[in-house]
Amino acid sequence: MEEEVKSLNFIEHIIEEDLEEGYTKNDLRFRFPPEPNGYLHIGHASSICLNFGLGLRYNAPVNLRFDDTNPTKEEQEFVDAIKEDVSWLGYKWDTECYASDYFQQLYDWAIQLIKQGKAYVDSQSSEEIASQKGTPTEPGSESPFRNRSVEENLKLFEGMKNAEFEEGAHVLRAKIDMSSPNMLMRDPVMYRVLHKAHHRTNTDWCIYPMYDWTHGESDYIEQVSHSLCTLEFLPHRELYDWFLDQLVDSEKLRPKQREFARRNLSHTVVSKRKLLQLVQTGVVSGWDDPRMPTISGLRRRGYTPEAIRNFADTIGIAKRENVVDVSLLEFHAREHLNKIAPRVMAVLNPLKLVITNYEEGKEEWLEAENNPEDESAGSRQVPFSRELYIEKEDFREEANRKFFRLKLGGEVRLKNGYIIKAESCTKDSEGNITEVQCTYDPKSKSGSGTEESLRKVKGTLHWVSIPHAFAAEVRVYDRLFTDPTPDGHKDKDFMDFVNPDSLTKVTGYMEPSIKEAKIGDRFQFQRLGYFNVDTDSSEEKIIFNRTVTLRDTWAKLEQKK
RNA sequence: UGGCCUAUGGUGUAAUUGGUAACACAGCUGAUUUUGGUUCAGUCGUUCAAGGUUCGAGUCCUUGUAGGCCAACCA
């Protein structure tokens with residue numbers, strides 16, 4: 001019955017083939033392997049959804065493995081943030097692993113390679129080693145230390161481990177092929193000396209394994225069947241396989257690396273280095289600034305895990321370069337928020353409106369539906385009075401037929417309330433409209449069932465009652481960059497495209513029910529967009545972030561002019 | 001002047017492995033609507049190029065072209 005029509009991506013095709021050719025379902029195991037040197041971003045979310053999605057699809061375990069082999073960049077803070085982000089996205093890892101847990105095993109295997117004559121200690125400077133590497137078009141040359149005796153190598157390597165040498169004095173290299181067309185096969189460094197404390201192993205080790213020597217072996221130790229990484233690691237695959245060739249037990253499962261293209265998002269950057277730059281230069285307030293494409297930024301902005309997962313599913317996975325339009329992300333935010341966000345009324349750019357024929361001092365509580373998409377959401381009461389705020393953009397002295405909002409002599413419905421007619425307006429000395437006077441039809445009350453209440457008027461406005469409203473800070477966000485591909489220009493730096501208007505803080509006026517809102521709560525401010533309560537909020541002051549606007553066909557029409 | 005990877009509407013991804021190129025977003029029309037939201041209906045538009053194999057090619061072959069990756073004691 002529930003036959004899935006969903007087509008497979010190329011990774012799933014590979015797995016299906018493997019399953020046909022001898023892998024059992026029990027062999028399948030995946031992993032998500034972040035380096036704890038920064039916060040996770042929307043690109044990582046794709047990888048997380050890929051790996052954990054595979055785990056769900058095949059009922060296979062997925063490890064969370066920290067690739068923590070470089071103590072100069074890695075910190076516990078990032079480990080904690082990464083765990084929080086993965087959990088928030090809704091995934092459960094099978095085992096929490098650390099490459100640093102395998103340092104002893106890796107060391108033992110390295111000794112084994114030395115004994116087999118497949119690794120040696122090089123005592124040259126990194127510059128010398130680099131100069132012997134050759135270029136992509138020219139072969140490299142061999143190190144003068146390449147043919148040291150096994151005994152000497154063992155002794156030096158042990159010395160490295162025992163802190164007998166300065167950083168940079170020696171490295172351990174794999175002995176492969178200095179003339180390989182693949183630069184990575186030209187005797188890659190396996191270990192370097194680093195006199196730095198590690199966030200987990202502290203000072204137990206002063207030699208640290210390099211990525212290539214660590215990653216595939218970690219996969220092997222964990223018996224990961226499919227080790228998925230981004231395309232730039234494709235040339236590493238040959239090395240990944242070479243290392244495995246040296247120590248794999250044929251009884252055990254041999255992991256395979258496969259590569260996919262990282263996902264790029266328009267109007268932003270997805271690179272830890274560049275995101276770090278935004279943080280360090282103060283363009284944003286931190287890694288979780290709501291304008292950041294980090295998972296923590298999106299979370300604070302009001303995005304839901306569902307929206308992000310649906311987004312990742314929709315864009316899929318492939319091997320070609322790509323720039324996914326941010327409007328697709330926004331679509332998924334709206335799609336989910338539309339279903340779950342309670343509707344409330346808030347005015348962000350207030351214009352006073354006085355109902356001249358409404359009794360002074362009178363108040364009424366009107367029934368308002370919480371979510372037309374969800375009957376179970378129920379309803380609430382909103383206060384109505386003689387003096388209201390409406391949005392400045394919702395009133396014009398005169399306008400053409402296309403303008404469905406309020407204009408002098410025109411009628412409009414106040415959401416959940418009455419039909420009103422604009423009679424006059426007052427202006428300040430500069431000609432700005434400061435107040436609108438109107439009359440209301442007492443028989444037109446929403447839901448009253450009267451003939452007048454059933455009348456069709458073209459426009460409906462949201463509003464708040466001035467005596468009942470409270471003020472809140474609203475942070476209105478726009479795209480962080482003005483260019484779709486800020487880092488896609490050879491002659492310009494991505495920082496040149498930072499949008500100076502990406503954040504505008506305004507004071508909004510809210511209906512009283514919103515006062516109960518807690519940090520993280522999401523709302524739809526009717527006719528405006530989706531907003532959530534920011535973590536900066538306190539007992540005294542509520543602060544909202546605008547997650548995303550509603551689709552706005554009127555704004556589009558206006559823009560075309 | 002090397003090696004490897006990639007090329008499908010504006011964007012992203014599919015195509016039962018050689019059998020009518022589809023889905024989503026974006027755009028545009030219209031209907032519905034007490035949110036110019038939602039929903040619904042319709043519409044626009046696609047296989048990098050040139051050859052070849054074949055009854056038949058997005059898919060296979062050849063040659064181009066374009067883009068990307070590779071010379072960290074980073075991952």
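Chain naming here is simple, since letters A, B, ... match the order of the sequence lines and numbering starts at 1 in each. Scope of the values below: all heavy atoms of this structure, side chains included, with no hydrogens, waters or symmetry mates.
Taking atom C1' in both B:G10 and B:G27, the straight-line distance is 9 Å, to the nearest Å. Comparing the same atom, P, in B:U65 and in B:U11 gives a spacing of 23 Å after rounding to whole Å. Of the C1' atoms belonging to B:A66 and B:A31, the separation is 45 Å, rounded to the nearest Å. Nucleotides B:C70 and B:U1 have their P atoms positioned 22 Å apart, rounded to a whole Å. For B:G42 and B:U59, the C1' atoms lie 32 Å apart once the distance is rounded to whole Å. Comparing B:U53 with B:G18, their C1' atoms are spaced 11 Å from each other, to the whole Å. Comparing B:G9 with B:A50, their P atoms are spaced 15 Å from each other, to the whole Å. If you take atom P in B:A21 and the same atom in B:A75, they sit 49 Å apart, rounded to whole Å.
In this entry the base of B:U17 is syn relative to its sugar, with a glycosidic angle within 90° of 0.
Both A:Phe525 and A:Val323 lie near RNA chain B, and the one whose nearest nucleotide falls closer to the 5' end is A:Val323. The residue among A:Lys133 and A:Glu335 whose nearest nucleotide of RNA chain B lies closer to the 5′ end is A:Glu335.
As judged by a 4.0 angstrom heavy-atom cut-off over every strand, A:Lys339 is placed among residues making no nucleic acid contact. A:Ser126 comes within contact range of at least one nucleobase, with a heavy-atom separation under 4.0 Å. Counting any heavy atom pair closer than 4.0 Å across all strands shown, A:Glu369 reaches no nucleic acid atom. Residue-level contact check: A:His332 touches neither bases nor backbone, having no heavy atom under 4.0 Å from any strand. In this structure, A:Ser327 reaches the sugar-phosphate backbone alone: every heavy-atom distance under 4.0 Å involves primed, P, OP1 or OP2 atoms, never a base. Within the 4.0 angstrom heavy-atom criterion, base atoms lie near A:Arg413. Contacts of A:Lys272 with the nucleic acid, taken as non-hydrogen atoms under 4.0 Å apart, are absent. Using a 4.0 Å heavy-atom cutoff across all strands shown, A:Glu12 reaches no nucleic acid atom at all. Using a 4.0 Å heavy-atom cutoff across all strands shown, A:Arg186 reaches no nucleic acid atom at all. Residue A:Ile317 is in sugar-phosphate contact alone, with no base atom involved, counting any heavy-atom pair closer than 4.0 Å across all strands shown. Contact annotation for A:Phe403: base contact, defined as any heavy-atom pair under 4.0 Å involving a base atom. A:Thr214 comes within contact range of no nucleotide atom at all, as no heavy-atom separation falls under 4.0 Å. At a threshold of 4.0 angstrom between heavy atoms, the contacts of A:Asp552 are confined to the sugar-phosphate backbone, with no base atom among them. Residue A:Leu231 is classed as having no contact, given no heavy-atom separation below 4.0 Å to the nucleic acid.
Ring geometry, A:Tyr98 versus A:Phe66: the interplanar angle falls under 30°, so the pair is classed parallel (tilted spans 30 to 60°).
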Practice problem: Might you work through the salt bridge (charged side-chain N to carboxylate O under 4.0 Å, His left out) test for A:Arg200 and A:Asp101, ending with a clear yes or no? | Solution: CA-CA 9 Å; A:Arg200 300 198 89 231; A:Asp101 288 344; 3.0 Å; yes
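By the side chain to side chain donor-acceptor pair (under 3.5 Å) test, A:Lys415 pairs with no residue at all, sequence neighbours left out. With sequence neighbours excluded, no residue satisfies side chain to side chain donor-acceptor pair (under 3.5 Å) with A:Tyr208. By the ring-ring contact (aromatic ring centres under 6.0 Å, His included) test, A:His195 pairs with no residue at all, sequence neighbours left out. For the side chain to side chain donor-acceptor pair (under 3.5 Å) test, residues two or more places apart in sequence or in another chain that qualify with A:Glu393 are A:Asn349. By the ring-ring contact (aromatic ring centres under 6.0 Å, His included) test, A:Phe544 pairs with A:Phe525, sequence neighbours left out. With sequence neighbours excluded, the residues that form a ring-ring contact (aromatic ring centres under 6.0 Å, His included) with A:Tyr389 are A:Tyr509. Judged as a ring-ring contact (aromatic ring centres under 6.0 Å, His included), and not counting sequence neighbours, the contacts of A:Phe403 are A:Trp554.
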Quiz item: Given Watson-Crick or G-U pairs with both distances under 3.5 Å, what dot-bracket string fits RNA chain B, with | for other-strand pairs and [ ] for crossing?
Solution: .((((((..((((.....[..)))).(((((.......)))))....(((((..]....))))))))))).....
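Taking a cutoff of 4.0 Å between a charged side-chain nitrogen and a carboxylate oxygen, A:Asp18 and A:Lys256 qualify as a salt bridge. Ion pairing between a basic and an acidic side chain is recognised when a charged N comes within 4.0 Å of a carboxylate O; A:Glu452 and A:Lys445 show no such pairing.
Formation of a donor-acceptor pair under 3.5 Å by the A:Arg263 side chain with backbone atoms of A:Ile42 is not found in this model.
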Extract all donor-acceptor atom pairs below 3.5 Å that involve side chains of residues 157-165 of chain A and protein atoms in other chains or at least two apart in sequence.
unit_1   : atom_1 : unit_2   : atom_2 : d
A:Asn162 : ND2    : A:Glu158 : O      : 3.3

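Taking the ring centroids of A:Phe145 and A:Tyr120, they lie at or beyond the 6.0 Å cut-off. Under the 6.0 Å cut-off for aromatic ring centres, A:His215 and A:Tyr211 qualify, their centroids lying closer than that.
Applying a 4.0 Å cut-off to non-hydrogen atoms, the residues of residues 30-43 of chain A that approach RNA chain B are A:Glu35, listed by residue number. For the segment residues 233-241 of chain A, the set of residues with a heavy atom within less than 4.0 Å of an atom of RNA chain B comprises A:Phe233, A:Leu234, A:His236, in numerical order.
When only modelled atom types and interatomic distance are considered, A:Asp483 and A:His267 share no side-chain donor-acceptor pair under 3.5 Å.
Of all nucleotides in RNA chain B, those with any atom nearer than 4.0 Å to a heavy atom of chain A start and finish, going 5' to 3', at B:G2 to B:A75.
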